[in-house]
Amino acid sequence: YRVWRVVSAAETVQAGAQLLVNTSGGAVTITLPSSPSTGDEVSFIDQGYDFDSNALTVGRNGSNITNAAADLTVNTQGAGFSLVYSGDATTGWTYREK
């Protein structure tokens with residue numbers, strides 16, 4: 001099984017990452033894997049309920065996120081979600097939970 005880990009600074013993650021993102025000290029950018037495979041997954045949780053004051057940015061690293069060629073900004077306090085790579089270049093990464 002995979003272990004959740006706390007992240008409080010920018011980094012590029014690998015498929016399977018499970019992140020408790022702490023933005024209490026400022027906004028954080030987590031960049032998705034550059035060459036994802038179908039079914040790759042990355043999970044995020046707002047560890048300190050701070051996304052509303054210091055947003056999480058999910059860097060797309062060349063792949064679309066939910067049909068958009070743009071990074072994803074999450075500013076919902078307490079957010080928790082997973083992104084799964086769909087295998088379709090147009091869709092790109094999509095939400096596991098809908």
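Partners of D71 by side-chain hydrogen bond (donor to acceptor under 3.5 Å, both in side chains), not counting sequence neighbours: none found. Residues meeting the side-chain hydrogen bond (donor to acceptor under 3.5 Å, both in side chains) test with S63, sequence neighbours left out: none. T57 meets the side-chain hydrogen bond (donor to acceptor under 3.5 Å, both in side chains) test with no other residue; sequence neighbours excluded. A69 is linked by a side chain to side chain contact (heavy atoms under 4.5 Å, CB included) to R60, N64, counting only residues two or more places apart in sequence or in another chain.
Through direct or indirect side-chain contacts shorter than 4.5 Å among Ile, Leu, Val, Met, Phe, Trp and Tyr, V7 is connected to V13, L19, V21, V28, I30, L32, V42, F44, F51, L56, V58, I65, L72, V74, F81, L83, Y85, W93, Y95.
Closest heavy-atom contact between P33 and A15: CG-N, 3.5 Å.
For the salt bridge (Lys or Arg N to Asp or Glu O under 4.0 Å) condition, the pairs that include at least one residue of residues 30-53, sequence neighbours left out, are E41-R96. Pairs of residues two or more places apart, or lying in two chains, never qualify as salt bridge (Lys or Arg N to Asp or Glu O under 4.0 Å) while including a residue from residues 18-39. For residues 28-39, no pair satisfies salt bridge (Lys or Arg N to Asp or Glu O under 4.0 Å), with sequence neighbours left out. Residue pairs meeting the salt bridge (Lys or Arg N to Asp or Glu O under 4.0 Å) criterion with at least one partner in residues 11-21, sequence neighbours excluded, are R5-E11. Legend: side chain to side chain donor-acceptor pair (under 3.5 Å) pairs involving residues 23-33, not counting sequence neighbours, sorted by first then second residue: N22-S24.
Listed for the S86 side chain is a donor-acceptor partner under 3.5 Å among the backbone atoms of G92.
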